[in-house]
Asker: 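I have a structure here, written as structure tokens, and I will follow up with some questions on it.
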There are 2 protein chains.
Amino acid sequence: MHIKRLAPALLAGLVLLSGSLSAPARADEGMWPLNALPAATLKDKYGFEPTQELMLHLQRSAVNFGGASGSFVSSDGLVMTNHHVGSGALADLSTPEMDLFKTGFLARRREEELKAPGMQLRVLMSIRDVTDRVNAGITPATDTAAAGRMRREAIATIEKEESEKTDLTARVVTLYNGGQYHLYLSKTFTDVRLVFAPEEDIASFGGDTDNFEFPRYSLDAMFFRIYENGKPYKPSNFLKVATDAKEGDLALVIGHPGRTQRLLTLADIEFQRDVAIPFQLQRLWRSETKLMVFAGRGKEQARFVGDDRDGVANGRKAITGQYAGLLDPEVMNAKRAQEESLRAAVAANPDWSSKWGDAWKNIEAAKQAHRELFRPLAVLQPRAGTLVRRAMTVVRHAAELAKPNDQRLREYTDAALPALYTSLYAQTPLNLEYEQYQIEQYLLWITETLGSEHEITKSILAGESPANLAAKAVQSSSLRDPAGVREAIEAGGAWITKNADPLLALAQRIDAAWRPLNKRFEDQVESVERANYAKIAAARFAVLGSSAYPDATGSLRLSFGAIVGWNDPEKGMVAPFTNFQGLFDRASQRTGEPGFTMPPSWASAPTSLNPETHFNFVCTADIIGGNSGSPAINTKGEVIGLIFDGNIHSLPGAFHYDDRMNRAVAVDIRGLLEAMEKVYGAKELVAEIGK
Amino acid sequence: MHIKRLAPALLAGLVLLSGSLSAPARADEGMWPLNALPAATLKDKYGFEPTQELMLHLQRSAVNFGGASGSFVSSDGLVMTNHHVGSGALADLSTPEMDLFKTGFLARRREEELKAPGMQLRVLMSIRDVTDRVNAGITPATDTAAAGRMRREAIATIEKEESEKTDLTARVVTLYNGGQYHLYLSKTFTDVRLVFAPEEDIASFGGDTDNFEFPRYSLDAMFFRIYENGKPYKPSNFLKVATDAKEGDLALVIGHPGRTQRLLTLADIEFQRDVAIPFQLQRLWRSETKLMVFAGRGKEQARFVGDDRDGVANGRKAITGQYAGLLDPEVMNAKRAQEESLRAAVAANPDWSSKWGDAWKNIEAAKQAHRELFRPLAVLQPRAGTLVRRAMTVVRHAAELAKPNDQRLREYTDAALPALYTSLYAQTPLNLEYEQYQIEQYLLWITETLGSEHEITKSILAGESPANLAAKAVQSSSLRDPAGVREAIEAGGAWITKNADPLLALAQRIDAAWRPLNKRFEDQVESVERANYAKIAAARFAVLGSSAYPDATGSLRLSFGAIVGWNDPEKGMVAPFTNFQGLFDRASQRTGEPGFTMPPSWASAPTSLNPETHFNFVCTADIIGGNSGSPAINTKGEVIGLIFDGNIHSLPGAFHYDDRMNRAVAVDIRGLLEAMEKVYGAKELVAEIGK
């Protein structure tokens, strides 16, 4: 499952790397903007020459799940994605009496479709280069921190203007680590309804054990429908279905890979390896245990946190694999050789040397500053549940709205506010016992990380024990009700300061501790990295020539590769397709073990199910967290599968893509449709897909 | 379950504290040497005047499990302890085909009793004060580190001489943190056979959720028999049974509490709170996750690591409770007030001040040194499975045996060697997949903790990745077979140095990195603490007078308290006894949840089982990790129960014992005997107990 779930981790500071620094991209490497494909490779290796028309078709068939992917698969706005992408909505729609993870869900008629609270989907309508405007007024003489501020201000202004001009959502995306800035205009949908979800037991069949493995047997699929003005939305484009994919075929993957940093310097890689990743692993082990303990309190508690537990286990397995990659001396030696070679080429040219020669040591200094800031900054980005998130938003909203638009934190600029309000006022279920538990665990986490004598710990605990403070914060807060949130947002700063709500007081203390550290981070780390990674990108282009794709940033990309297995050092030759027979075999081999329980619908599956039907497959497309839910498409633009995972080699492979070992894992559209029809009796839905 | 399992954690550097610094012990507080009981309290509160004869009876009925406790309960050498104390032996005796945790075990005839590999039990025969001899030649002018070395040498010499004089095992125990040294002479038994174990599902009924909780319903009991010369051993003393215990009765508890440090200074408490405990929690969360992942590989892997998983989960819950206690501002404020009051009293007296006044700042300096040494020292005490432990022993054995007896590490002195060889050559089952996994995880743990650029990490990995190094270390090592271990031990140093075995090479690198750090630890931390805690103990005695018991050190102690419930802030009044009806009720309330599965023997329990029979109970006796398996005894010296746990309040309560809330938890002897007879048909065994 679960390449989606990488995304939040990545955005919190973890980065992915690749060994592609000094070499042209390997044949199937790369996450390409749809308007800048590697035409020569596609033609030479696959005999494929994509038309602009096909690319626009794919662009407008793709659906952005905000950290994950999906696609239109019918003229009535039906959207296909993964079960683990839609699981948040599934959790919000479940109740103690009706656990949709256990039962699955099928709306047989439009009226039965369930509106997912707070869900926002987007479709990309156009892209424009705004690099010159973002960099306007900045010269080589401009102070780095000041240049960083100027760019942030320009971005806020552009986004505001463009949002006001149209009904589209405007977002400026940074490409090539600061080499280019593109404006993305998207249509946003907020009426999204659940149509079909299988039971979690089959969606994530194999559990933690089979996660990131192959052969694989998971029905990791979910369907939503987008509505507009109370009616099913009629998309301009949607994907038709092809049921003839075979070994060796080229598969195109469109989706929203979250973040790669394949240009990282050695100093930055070492920072990841020795600071960020170990810290993140510790947090994940801790969370996994804490969630297990909470789930042990009872059946309802276990149900409520089930989705969070899956997410944490998935992140832990992913990061463990990345870390193993970074501890492989061969990987680091290759990285070192590449960096030395590029730096030597720059040093040998006086012009290049004067323009770019200082980039590496500037980044090294930034990473040194980052080492000091990392742990306090990490604990001041609270992972403490819904109530604390609401309180943080209320507090920051009041502070930020008092400033001019271009001076605000990015989440609070005018262009960003509609999405923020939609999310904030959504009627999602709240479990107060879980909220209190999360706050207590968060406060303990600060204390464990910084020590109880650290000034940040002391300022946040304010003389209370974590347990007492958490209890007080939850007991009487007006933010437990979305109406109270709205009231607090509208009342603003003075009201918040006067308000005795212990939850808001806690949020204010967190915000007060965070702001000076974030300022230092922006000036000493982020701005320095932007400026100097842009230099390295320019140097790389000058030394090595073109053939580079920009690092992933959550924007729409195309990956591609062949449907082929691989020769595994432990497993031997792995074939590219699995089938239903393999599912039943594995279930019987592992009966009674965690993750291998078949739901009743499959335990008594109809005999009409063809054991030979393709169920899951792999291809060499280069994907990463955020690609979950991406359609796999043939060269005619028809959907052949649904990406939901990478194999285990694709985890350390994030540092150096290797098409001999790295594989994307997909549900085969044939297995999906046959299961929907024969196991779930979803005849109407199957008939609609591709039509 | 699981107060036993605290012990290894404690010995690895975690300590337990109490608020008893400036106040006389609370009524039921204390773990008392059997020759120094609080006679006045026992008489005033309970009207109990123990005779010397009774105390000797208890001393010789007690059985030392090395980190846990037990007692003789028949004239034929039958020993009662907890299931979780005997679980290591149970794991060694289980096979893929016969999992004794699942099935339980009952030997109906002596011939069916199963010899536990490597198990060593001891019975304390006599105690002698050797303080003067340990301190001989040390004056106030002696350098602290030198004094520490002189004491260690004296202890090694005393133990060697006494071991040679008798067939008893000699051990010098440090009391009052260095105030007294006592010589303990024990009889050691190495032929120990399993007689009865219930299924783990009932032994630890309630699992992680009910662990450290009450009301409780666990049959946490196991029986062994000691043999000597191939025949059941005839102990000089054993406990008879009393079946009339009732609320309000006084219960005596004899056992081997592992380690308390209720005299810790504030600086030492802060070290525990901010350094040792957070680090230990991180390690436990990590281990819990890593073991879960390993268990996910398959049924046999899950079986093999089941006992380790229980131990880690138990430690995690225990330490979590302790940490919460230390984060309670009230607890720390009380500690601070007590320390200030004692220091003020010392400062006010010029003689005291000159003798003891510098103790607190000396310990503070030692803790500062300890902060620097803590993490590298922690990772150099490998938790990496049986093979690495064997290799470390082989390497150190060769190095230490080359030195005079009184210069050796304590585990390698002549007096300690017999126990070391017994343990080292035991034929315990080895799972090579698990060994490799543990080594890899251990190497990763070093890397995560110190970073890959740390000189220790680099010296231990020696240019390999953790995965490759672990694979090589296991693949061809001669230490996989106990005969190979014996060969390596006998071959000694030159052979080891020449030997190309990658496992031995790894152990040598670990040992080489550890020795200079351990030397610094002994000189800058341990010796300073010994000397200065002895001063504080003397000051405390002078200022506050007697009434103090020595901190627990794993030696035999008596605790006592009434069988009474408590008024819980969350649960209200908790009654002191549970019964079988409560067990069945809880099982049906929590059907299907982890930890609440009844084994088949109980799911179809005979109707003759009396639902009113007492099953578990609590009393106010002051216990700690190591007391697991202790008998609870009435004032006539008859066994009424079997201690197996403390309640949740007894965890932070380790810092400040409070008889209003702290409770020891026991299996009632009546429930135990009725279950053995009616559920397991162990009629012969029940007839033997107490006879």
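Just so you know, these numbers use all the heavy atoms, side chains as well, and skip hydrogens, waters and symmetry mates.
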Asker: For Asp328(A) and Ser465(B), does a side-chain donor sit closer than 3.5 Å to a side-chain acceptor?
Answerer: no
Asker: Are any non-hydrogen side-chain atoms of Met292(B) and Glu288(A) less than 4.5 angstrom apart?
Answerer: yes
Asker: Is Arg297(A) close to chain B through its backbone or its side chain, or both, or neither, when contacts mean heavy atoms under 4.5 Å?
Answerer: backbone
Asker: Between Gly592(B), Ala295(B), Pro329(B), who has the most heavy-atom pairs with chain A when the cutoff is under 4.5 Å?
Answerer: Pro329(B)
Asker: Can you find a side-chain donor-acceptor pair between Ser452(B) and Arg273(A) that sits under 3.5 Å?
Answerer: yes
Asker: If you draw a 6.0 Å radius around CD in Glu213(B), do more than 12 non-hydrogen atoms from other residues or ligands fall strictly inside?
Answerer: yes
Asker: Taking side chain as everything from C-beta outward and backbone as N, CA, C, O, which of these in Glu440(A) sits under 4.5 Å from a heavy atom of chain B? Side chain, backbone, both or neither.
Answerer: neither
Asker: Measuring from Leu326(B):CG to Thr447(A):OG1, what's the distance to the nearest 0.5 Å?
Answerer: 12.0 Å
Asker: Of the listed residues (Ala302(B), Gly298(B), Ala313(B)), which shares the most heavy-atom pairs with chain A below a 4.5 Å separation?
Answerer: Gly298(B)
Asker: With only heavy atoms counted, which part of Lys290(A) is less than 4.5 Å from chain B, the side chain, the backbone, both or neither?
Answerer: side chain
Asker: Checking heavy atoms, do the side chain of Glu453(A), its backbone, both or neither come under 4.5 Å from chain B?
Answerer: both
Asker: Taking atom CD of Glu300(A) as the centre, does the number of heavy atoms from other residues, nucleotides or ligands within less than 6.0 Å exceed 12?
Answerer: yes
Asker: Picking from Asp274(B), Thr209(B), Thr320(B), which has the most non-hydrogen pairs under 4.5 angstrom with chain A?
Answerer: Asp274(B)
